[in-house]
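To keep things clear, I will list the structure first and then write my remarks on it.
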Amino acid sequence: MSRIDTSVNIAGVVLKNPVMTASGTFGSGEEYSEFVDLNKLGAVVTKGVANVPWPGNPTPRVAETSSGMLNAIGLQNPGMEVFIKRDIPFLKKFDTKIIVNVCGRSEEDYCQVVERLADEDVDLLEINISCPNVKEGGIAFGQDPKAVEHITSELKKRARQPIIMKLSPNVTDITVMAKAAEAGGADALSLINTLTGMKIDIHKRAFALANRTGGLSGPAIKPVAVRMVYQAANAVKLPVIGMGGIATAEDAIEFILAGATGVSVGTANFFNPTATEEVVSGIEAYMEKYGVDKITDLIGAVR
Amino acid sequence: MSRIDTSVNIAGVVLKNPVMTASGTFGSGEEYSEFVDLNKLGAVVTKGVANVPWPGNPTPRVAETSSGMLNAIGLQNPGMEVFIKRDIPFLKKFDTKIIVNVCGRSEEDYCQVVERLADEDVDLLEINISCPNVKEGGIAFGQDPKAVEHITSELKKRARQPIIMKLSPNVTDITVMAKAAEAGGADALSLINTLTGMKIDIHKRAFALANRTGGLSGPAIKPVAVRMVYQAANAVKLPVIGMGGIATAEDAIEFILAGATGVSVGTANFFNPTATEEVVSGIEAYMEKYGVDKITDLIGAVR
Amino acid sequence: MAEKFREDSEIISQECIGTDIYSMWLKTDKIARAAVPGQFISVYSRDGSRLLPRPISICETDKEKGALRIVYRIAGAGTREFSKYHRGIKLSILGPLGNGFPLERAGEGKKAFLIGGGIGIPPIVELSKQIGGVRQIIAGYRDEVFLAEELKQNGSLYIATEDGSCGTCGTVIDAIKENGLDADVIYACGPTPMLRALKSFAQERGIECWLSLEERMACGVGACLGCVCQSTEVDGHSHVHNKRVCKDGPVFLSTEVEL
Amino acid sequence: MAEKFREDSEIISQECIGTDIYSMWLKTDKIARAAVPGQFISVYSRDGSRLLPRPISICETDKEKGALRIVYRIAGAGTREFSKYHRGIKLSILGPLGNGFPLERAGEGKKAFLIGGGIGIPPIVELSKQIGGVRQIIAGYRDEVFLAEELKQNGSLYIATEDGSCGTCGTVIDAIKENGLDADVIYACGPTPMLRALKSFAQERGIECWLSLEERMACGVGACLGCVCQSTEVDGHSHVHNKRVCKDGPVFLSTEVEL
Ligand SMILES: Cc1cc2nc3c(=O)[nH]c(=O)nc-3n(C[C@H](O)[C@H](O)[C@H](O)COP(=O)(O)OP(=O)(O)OC[C@H]3O[C@@H](n4cnc5c(N)ncnc54)[C@H](O)[C@@H]3O)c2cc1C
Ligand SMILES: Cc1cc2nc3c(=O)[nH]c(=O)nc-3n(C[C@H](O)[C@H](O)[C@H](O)COP(=O)(O)OP(=O)(O)OC[C@H]3O[C@@H](n4cnc5c(N)ncnc54)[C@H](O)[C@@H]3O)c2cc1C
Ligand SMILES: Cc1cc2nc3c(=O)[nH]c(=O)nc-3n(C[C@H](O)[C@H](O)[C@H](O)COP(=O)(O)O)c2cc1C
Ligand SMILES: Cc1cc2nc3c(=O)[nH]c(=O)nc-3n(C[C@H](O)[C@H](O)[C@H](O)COP(=O)(O)O)c2cc1C
Ligand code: FES
Ligand code: FES
């Protein structure tokens with residue numbers, strides 16, 4: 001298999017393969033390191049990190065749907081100081097890239113995290129702009145192109161690592177958001193975050209999630225994700241990291257053919273703890289089978 | 001079961017029960033009348049009808065996804081004259097309401113159909129504003145609130161039957177579209193139409209649909225649909241017809257509890273030809289079990 | 001219009017009859033008795049993540065036992081699922097669907113070609129049992145031959161293989177030519193390139209030709225317009241140049257359709 | 001940290017032991033041998049439309065045979081699916097998960113209450129087999145009694161039923177009072193109202209009390225933060241007032257958590 005080149009370059013950072021973990025589904029890697037050799041992954045993307053600890057939402061926080069799940073974790077996290085002290089050193093033990101997912105309730109929150117991480121040994125920052133934005137009345141940054149461009153350029157000024165803007169799919173036209181992030185100076189894009197959904201328990205006549213709405217993820221959303229990755233990759237020059245329902249190498253290759261340079265495995269970890277590693281080896285097998293030497297030849301090959 | 005009242009009122013039209021067929025999944029009723037007693041349904045919603053025959057898209061037009069399917073039929077239809085001569089008389093043989101789904105490529109197209117149907121014996125018109133709009137450069141009417149309000153008011157002027165505006169879910173904020181339709185004078189809303197999606201065949205390295213993108217429907221999209229029905233029903237005073245993944249009575253009741261006055265069964269007909277009738281009897285059984293006398297007591301009961 | 005039935009049919013037997021090719025007998029209440037050659041059934045998945053039924057041709061029927069046979073190739077997740085089931089399991093099916101081959105176009109004193117290509121061969125088995133007149137069966141394979149025993153019993157069988165491992169090396173048309181066969185009517189089922197070739201072959205020779213088409217389906221009963229083929233003339237139902245493979249077909253007169 | 005294993009385990013037997021209540025023995029390679037009482041397994045659905053594993057407590061283990069028993073109630077589509085499976089079918093499971101009951105808090109010279117309520121009774125079976133000291137088992141049911149034979153073998157069993165059809169009419173606390181029981185330590189698993197009552201009961205009497213909590217789960221291994229409960233103090237891992245039921249629990253000291 002040594003003949004095959006699965007490496008990809010995202011904003012100057014070379015990953016040994018395009019396979020990463022989707023933020024929030026893999027903690028900071030520790031729990032799944034019992035099942036997966038983290039050295040085999042292109043990168044580990046951490047759970048969202050804020051400037052201070054966030055308690056998250058009340059429970060129930062998760063519910064199952066057809067081929068999908070809803071979550072309203074509410075971005076619970078221990079805050080950047082604990083993250084830097086505990087989680088970065090853990091991840092540094094492995095030969096994989098570290099991508100820190102950043103969340104905030106205001107522009108200042110995001111800026112603080114990005115500035116604090118400037119001197120830390122992490123490879124890339126992924127900015128989750130679907131976080132609830134208290135100041136702007138609950139509409140996420142990610143749904144307004146002006147806000148996307150503005151926050152991107154503010155963070156770009158402060159960041160020492162390349163920044164990946166993570167786009168929300170709950171928009172009319174994903175290309176508008178992609179271009180806004182590009183105009184703001186983003187180094188890469190990642191998409192999709194979850195689709196907003198709801199479930200009602202008809203026997204209890206109550207919302208299944210305490211938060212009422214939650215984010216839909218898993219195989220159910222894959223067709224929407226592939227479409228948006230295709231549209232975004234064709235609208236901007238930036239590398240795109242695709243995610244949304246990836247559970248197998250076949251799914252990952254579908255995203256790559258649509259234009260993704262990287263791929264993230266999210267919800268699939270919950271139903272197959274070794275999903276990430278299997279995606280890596282499955283991609284290699286596909287390349288072997290079809291005589292593809294460089295994975296970069298597959299990126300955006302269907303158009 | 002006679003004690004139970006399942007009737008609902010949509011814009012002055014009383015349906016014996018809230019269960020209808022989703023446009024495009026049930027033809028004009030003939031094919032499924034071999035499996036289902038149309039007299040048992042609240043209403044039959046027809047396939048979209050245009051002013052002239054439409055050939056639709058090239059094949060493949062359908063593809064399967066996890067708990068869902070993509071379609072790009074392209075609104076093939078025989079045009080309003082054939083529809084009026086052949087399909088309305090067929091449907092008139094049954095004791096069910098007739099809802100005609102209307103499509104067009106331009107405002108004039110829609111107006112022509114609505115005017116032509118004015119003197120026909122149909123109960124309600126459902127306006128599909130997710131049709132591709134040639135004049136406005138391919139963006140559907142349904143994604144721009146000004147266009148929604150405008151076309152609604154133009155059609156309202158001409159329609160003799162109450163009009164249901166069918167909203168596209170491919171928008172940032174469904175309440176904006178719902179309010180625009182209300183401002184334009186809509187009598188009711190129906191949602192959701194399909195989410196735009198894509199599938200790629202990784203072995204053929206080609207799009208699964210000739211049209212590249214298609215509309216995602218089926219159980220996969222139910223959480224998004226329930227959320228949007230809940231949001232729309234709480235944003236406007238109009239009755240809302242909910243759809244998106246309804247396959248069982250439990251699904252239908254979930255939409256009703258979220259705020260839907262009517263419910264449509266779409267993709268489920270393809271995997272269970274008797275789905276519509278089963279939803280009707282299952283709703284009755286639920287009402288019996290929980291001692292609900294009037295279905296209207298359930299509408300929007302979870303908030 | 002022929003009646004359709006939805007049944008929970010029990011698997012009587014299943015066996016693997018070739019590489020990735022399976023043969024299954026199903027006990028049905030009404031479908032087997034109602035079916036005519038060339039019709040198909042919709043087979044529903046038992047896995048809730050796969051919604052759409054898979055259209056599979058009826059290969060044989062046993063009207064007495066009320067049983068029908070399907071022969072299918074593993075093409076993806078749905079057919080792979082079916083291949084794992086064994087005797088006793090219930091499969092939900094809908095049928096018989098589509099129009100079937102017009103048996104009355106052959107018969108006493110007429111010579112017919114019954115042509116199957118690859119996984120289009122199964123429906124030819126029942127057709128060859130029920131059709132009248134002179135039955136010349138031509139079966140085309142890539143390499144591995146299957147269902148030949150069944151076909152041999154109901155007519156003179158000519159085999160073509162792409163790799164030349166059996167019979168004529170080449171296509172079914174090569175087999176016809178090599179054996180100097182002729183006919184008054186053609187019935188065929190197989191991949192589109194084969195059907196396309198047969199369409200022009202029939203046109204050249206002026207032979208009436210009935211082709212069974214394949215298209216991706218959703219409803220299988222004519223309601224969704226997912227499975228259309230292009231028709232030469234404006235179609236009486238659609239009022240455009242489209243015919244529904246599931247309901248107006250799958251069998252069409254070759255001159256009716258564009259391929 | 002205890003090791004976790006993902007296995008395709010074979011169903012050895014399954015029987016219905018009450019209305020909608022099933023008992024299943026699974027052959028495992030490593031999980032049964034590694035498990036301690038109070039731990040659970042994640043059971044994966046075989047239907048692709050249901051993604052998330054179902055957490056089910058380990059009811060008994062047979063370390064020699066490498067087998068484990070689960071006892072579960074049909075609560076929805078997932079457990080209904082499991083109830084349909086029979087001997088020989090493989091179920092994918094992950095375990096053992098969670099911390100389990102701290103056996104060392106009981107033992108020689110100490111009296112323990114082992115309390116189960118409803119579908120929280122199963123883990124009490126293995127606990128009662130392994131724990132030392134005086135075992136007073138109190139099992140609370142709505143009406144129908146199950147697993148009583150197993151429980152009787154490992155201690156003195158007191159039953160409470162809500163409808164009074166067996167034992168004390170009322171709750172497990174009513175049963176404790178009616179029988180004038182006391183203990184040095186409490187271990188309990190059951191519905192939240194029962195756990196809440198036990199927490200204050202234990203506080204009043206100054207008894208150490210270990211509670212096994214339930215929460216909706218996604219990953220089952222501590223990664224997703226889906227299953228948290230509120231902790232009295234800021235938690236060392238989360239740095240907020242949240243503990244993960246799947247990883248930090250499901251068993252907590254009653255004073256650690258808010259109910
Ligand atoms: C009228 C009719 C009769 C058929 N009879 C038989 C038969 O007797 N034996 C048999 O093995 N197959 C038959 N087929 C083809 C069969 O329906 C497909 O192979 C099957 O649906 C594939 O399902 P899957 O889930 O295994 O594969 P999928 O993963 O759905 O698809 C795998 C590949 O199969 C092809 N395919 C899928 N669905 C169809 C379809 N509806 N029509 C054509 N190609 C498709 C696609 O090109 C795709 O790349 C028939 C099809 C039709 C329309
Ligand atoms: C650590 C732990 C151990 C458990 N042990 C057992 C056991 O030994 N035997 C047993 O019968 N059940 C046990 N449960 C509960 C069991 O996990 C749920 O009943 C099951 O997941 C329901 O799945 P379903 O698909 O059948 O129902 P669903 O349709 O998913 O849900 C039906 C109802 O069950 C409840 N439920 C669903 N998932 C959970 C969950 N994770 N926790 C609590 N309630 C839930 C919900 O209130 C819902 O209304 C345990 C739960 C946990 C967290
Ligand atoms: C439980 C859960 C928690 C998540 N937390 C985060 C998060 O903290 N930050 C973020 O950007 N995305 C978060 N996501 C979104 C995922 O990273 C991913 O974008 C989405 O789930 C789609 O991928 P999937 O279908 O493979 O899960 C979360 C998703 C899930 C299911
Ligand atoms: C094959 C197919 C054809 C459709 N055609 C139409 C149409 O002509 N007009 C329309 O308004 N919606 C059309 N729809 C959308 C459905 O009416 C419905 O809004 C959508 O499928 C969601 O419901 P479901 O998940 O129950 O199918 C079509 C959907 C499908 C699957
Ligand atoms: S498959 Fe629906 S019309 Fe043929
Ligand atoms: S279920 Fe994921 S952290 Fe407990």
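In what follows, every heavy atom counts, from backbone to side chain, and hydrogens, waters and symmetry copies are set aside. Letters go in sequence order (proteins before strands), and every chain restarts at 1.
The greatest number of non-hydrogen atom pairs below 4.5 Å with chain D, out of A:Pro55, A:Pro53, A:Gly27, is found for A:Pro55.
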- Might you work through the side chain to side chain contact (heavy atoms under 4.5 Å, CB included) test for A:Phe35 and D:Leu94, ending with a clear yes or no? CA-CA 11 Å; A:Phe35 306 102; D:Leu94 185 75; 3.4 Å; yes
- Task: Take D:Val240 and A:Trp54, measure what side chain to side chain contact (heavy atoms under 4.5 Å, CB included) needs, and give me the verdict at the end.
- Result: CA-CA 7 Å; D:Val240 292; A:Trp54 286 16; 5.8 Å; no
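Only the side chain of A:Thr267 comes within less than 4.5 Å of a heavy atom of chain D; its backbone N, CA, C and O stay farther away. Only the backbone of A:Phe26 has a heavy atom closer than 4.5 Å to any heavy atom of chain D.
Ionic pairing of A:Glu31 and D:Lys4 is not present here: no N-O contact between side-chain nitrogen and carboxylate oxygen is shorter than 4.0 angstrom. Salt-bridge annotation for D:Arg6 and A:Glu34: absent, with no side-chain N of the basic residue lying under 4.0 Å from a carboxylate O of the acidic one.
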Using distance only, find each side-chain donor-acceptor pair of residues 248-255 of chain A under 3.5 Å and give its atom names and separation, not counting sequence neighbours.
from     : atom 1 : to       : atom 2 : distance (Å)
A:Thr248 : OG1    : A:Glu250 : N      : 3.3
A:Thr248 : OG1    : A:Glu250 : OE1    : 3.4
A:Thr248 : OG1    : A:Asp251 : N      : 3.2
A:Thr248 : OG1    : A:Asp251 : OD2    : 3.2
A:Asp251 : OD1    : A:Lys222 : NZ     : 2.7
A:Asp251 : OD2    : A:Ala247 : N      : 2.9
A:Asp251 : OD2    : A:Thr248 : N      : 3.1
A:Glu254 : OE1    : A:Lys222 : NZ     : 2.9
A:Glu254 : OE2    : B:Ile200 : N      : 2.9

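Of the options A:Glu81, A:Arg86, A:Gln76, a side-chain contact (heavy atoms from CB on, under 4.5 Å) to D:His239 is made by A:Arg86 and by none of the others.
Here the CG atom belonging to D:Leu225 is positioned 11.5 Å from the CG atom belonging to A:Asn57, to the nearest 0.5 angstrom.
Between A:Met69 and D:Leu52 there is a side-chain heavy-atom pair separated by less than 4.5 Å. Contact of the A:Ser67 side chain with the D:Ser49 side chain is registered, since non-hydrogen atoms from C-beta on lie closer than 4.5 Å.
The interface of residues 272-279 of chain A with chain D, defined by heavy-atom distances below 4.5 Å, comprises A:Asn272, A:Pro273.
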